[in-house]
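First comes the structure, then the notes that go with it.
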Amino acid sequence: MMTEDSRRRTDALSRRDFTLLSGGALVTGLAGCLSGDDDPELDVGRNTVIASMPALWDFTRQIVGEEETLESFDIVPVGEHGHDWNPEPATVEDIDHAGGFVYMRDFAAWQDDAAEQLEADDDIHVIDASEGIEFFDSPAEDNDEHWWMDPVYCQRGVDNIADGIVDMDPDNEAYYRDNAEAFNEELQELHGEMQDVVDRAALDTIVVATHDSFQWWYQQYDIQVESPVGTSPDDSASPDEVEEIEGLMDERGIEHVLYDVGEPAQLAESLAEETDAEILPLTPVETQIDGAPELDTGISMEPDWGYMDHFYEINLPSLETALQAE
């Protein structure tokens with residue numbers, strides 16, 4: 001479970017005087033300031049790092065820490081799915097007022113386009129969190145880019161962001177490096193927790209009734225992830241695909257259907273009803289939610305949740321139950 005030190009560290013980051021804003025709180029204010037609003041608390045300047053999705057926002061805020069030299073903004077609104085969300089056309093131009101832009105290549109077309117445009121500006125630091133991370137051809141898709149679902153590869157992503165932050169503010173390099181190292185230690189502990197669940201598990205397969213962001217668990221932990229939907233949030237399952245999943249659940253004794261809390265839950269509900277299965281939540285750390293997700297499975301999320309919250313509050317408990325590791 002998340003250590004007390006980890007919780008205190010995350011709580012402290014959320015209480016900073018200048019306020020690190022995520023999701024809807026950010027977008028409501030940021031949209032105003034990017035379009036000329038005078039609110040000084042939400043002013044985007046060269047000390048601001050814009051993160052292009054929730055996981056990257058948390059990695060960035062962990063690195064910039066509590067010294068208030070730099071601040072991190074998540075541009076994705078609360079309730080929106082990072083993989084499926086697209087900003088207004090003028091937003092890329094407005095992002096140019098910031099000092100840094102953290103993105104992932106091949107995750108969303110608007111991010112790649114924004115990075116290409118912003119790299120022409122010497123005043124903004126464009127940081128590819130995926131640099132040096134080799135994608136792999138997963139059972140779900142070729143060139144699967146969801147590396148941040150693997151706490152081990154996350155450590156490389158954190159180091160990439162730290163490199164960019166140091167380029168922005170070299171005078172505080174030691175501070176940022178220390179923060180990145182401390183967070184990577186937490187990620188390594190999380191990796192150990194994930195491996196422990198797998199080692200105790202009676203099953204090796206989960207069924208995800210929303211788009212499949214979880215195949216990096218297959219590579220790292222040999223968790224078989226089956227989905228009738230595929231990798232796109234816009235895909236829908238055919239009757240044959242649903243029937244195949246139902247047969248798989250019956251054959252392997254799978255008693256749970258998991259779903260991405262940031263996506264519609266109709267397929268999960270239908271599949272669970274057909275198979276008499278229980279529904280459990282999962283999160284790819286692409287959506288921030290204020291309260292319960294669409295399908296209330298007993299969890300209540302906070303819009304400033306960080307990566308560790310998503311894993312310790314949702315993913316680890318759901319995997320433990322679904323894989324029968326209890």
Side-chain angles (χ1 to χ4, degrees), residues 49-60 62-63 76 81-84 100-119 125-167 176-177 180-181 183-195 197-198 204-206 208 211-227 229-233 235 260 282-286 307-308 310-311 315 319:
V49 186
I50 300 293
S52 59
M53 57 91 76
L56 297 187
W57 164 73
D58 187 51
F59 297 165
T60 304
Q62 300 292 339
I63 295 164
V76 180
H81 201 285
H83 215 151
D84 204 29
F101 176 63
V102 181
Y103 81 107
M104 293 184 293
R105 74 179 190 275
D106 298 333
F107 174 72
W110 78 265
Q111 293 188 23
D112 292 315
D113 293 343
E116 183 178 355
Q117 295 179 43
L118 294 169
E119 281 174 346
H125 294 260
V126 178
I127 304 167
D128 178 9
S130 301
E131 185 175 354
I133 297 176
E134 185 176 351
F135 304 159
F136 76 108
D137 293 343
S138 77
E141 64 174 321
D142 293 341
N143 211 33
D144 192 319
E145 78 283 7
H146 297 84
W147 56 265
W148 70 94
M149 294 309 297
D150 181 340
V152 175
Y153 277 88
C154 277
Q155 296 171 50
R156 177 63 182 269
V158 167
D159 287 339
N160 287 336
I161 297 171
D163 289 342
I165 296 299
V166 167
D167 285 343
Y176 300 133
R177 298 291 186 197
E181 182 180 357
F183 189 60
N184 278 345
E185 289 176 359
E186 294 179 23
L187 287 167
Q188 187 63 26
E189 290 177 8
L190 173 61
H191 164 59
E193 297 270 9
M194 292 280 290
Q195 188 62 59
V197 168
V198 172
D204 65 359
T205 304
I206 60 172
V208 179
H211 98 279
D212 186 356
S213 303
F214 307 97
Q215 286 293 336
W216 282 68
W217 291 349
Y218 167 77
Q219 176 176 254
Q220 183 66 255
Y221 305 108
D222 203 25
I223 298 174
Q224 309 291 314
V225 183
E226 301 289 344
S227 171
V229 177
T231 57
S232 170
D235 283 350
D260 179 341
L282 277 185
T283 168
V285 203
E286 295 183 40
Y307 186 86
M308 296 298 180
H310 282 261
F311 266 78
N315 289 340
L319 284 174

Open item on the list: Quick one, Glu186 with Asn184, criterion side-chain hydrogen bond (donor to acceptor under 3.5 Å, both in side chains). Give me CA distance, side-chain angles, the key distance, then yes/no.
Closed with: CA-CA 5 Å; Glu186 294 179 23; Asn184 278 345; over 6 Å; no
So do [Y] and [X] actually touch side chain to side chain, heavy atoms under 4.5 Å?
| X | Y | value |
| --- | --- | --- |
| Ile206 | Trp217 | yes |
| Val198 | Ile223 | yes |
| Leu187 | Met308 | yes |
| Phe183 | Asp58 | yes |
| Ile63 | Val158 | yes |
| Tyr218 | Pro139 | yes |

Task: Neighbour count above 12 (heavy atom, 6.0 Å) for Gln195 CD - done: yes
Looking at [atom1] of [X] and [atom2] of [Y], how far apart are the two atoms once the value is rounded to the nearest 0.5 Å?
| X | Y | atom1 | atom2 | answer |
| --- | --- | --- | --- | --- |
| His211 | Glu286 | NE2 | CD | 5.0 Å |
| Ile127 | Asp163 | CD1 | CG | 9.0 Å |
| Trp147 | Phe107 | CH2 | CZ | 10.5 Å |
| Met104 | Ile133 | CE | CD1 | 9.5 Å |
| Gln215 | His146 | CD | NE2 | 10.0 Å |
| Glu131 | Asp159 | CD | CG | 11.5 Å |

- [ ] List the steps and the verdict of side-chain contact (heavy atoms from CB on, under 4.5 Å) for Phe311 and Val285.
- [x] CA-CA 8 Å; Phe311 266 78; Val285 203; 4.1 Å; yes
Open item on the list: Could you walk me through whether Thr60 and Ile165 satisfy the side-chain contact (heavy atoms from CB on, under 4.5 Å) test, starting with their C-alpha distance in whole Å, then the side-chain angles of each, then the deciding distance to 0.1 Å, before giving a yes or no?
Closed with: CA-CA 8 Å; Thr60 304; Ile165 296 299; 4.3 Å; yes
Using only heavy-atom distances, determine whether the side chains of [X] and [Y] contain a donor-acceptor pair under 3.5 Å.
| X | Y | result |
| --- | --- | --- |
| Asp150 | Gln220 | yes |
| Asp212 | Ser227 | no |
| Asp113 | Gln111 | no |

- [ ] Begin from the C-alpha positions of Gln62 and Tyr307 and carry the test side-chain contact (heavy atoms from CB on, under 4.5 Å) through to its verdict.
- [x] CA-CA 10 Å; Gln62 300 292 339; Tyr307 186 86; over 6 Å; no
Is [X] reaching over with its side chain to a backbone N or O of [Y], donor-acceptor style, under 3.5 angstrom?
| X | Y | answer |
| --- | --- | --- |
| Asp137 | Asn143 | yes |
| Asn315 | Thr283 | yes |
| Arg105 | Ser130 | yes |
| Trp148 | Pro284 | yes |

- [ ] Describe, in one word, how the ring planes of Phe101 and Tyr103 are oriented to each other, choosing from parallel (under 30°), tilted (30 to 60°) and perpendicular (over 60°).
- [x] parallel
TODO: Return the orientation label for the Trp216 and Phe136 ring planes: parallel under 30°, perpendicular over 60°, tilted otherwise.
DONE: perpendicular
Task: Minimal non-hydrogen separation, His125 against Asp167, with atom names - done: CE1-O, 3.4 Å
Task: Smallest separation among heavy atoms of Leu56 and Ala129, with atom names - done: CD2-CB, 3.7 Å
Open item on the list: Would you say the ring centers of His191 and Tyr221 fall short of 6.0 Å from each other?
Closed with: yes
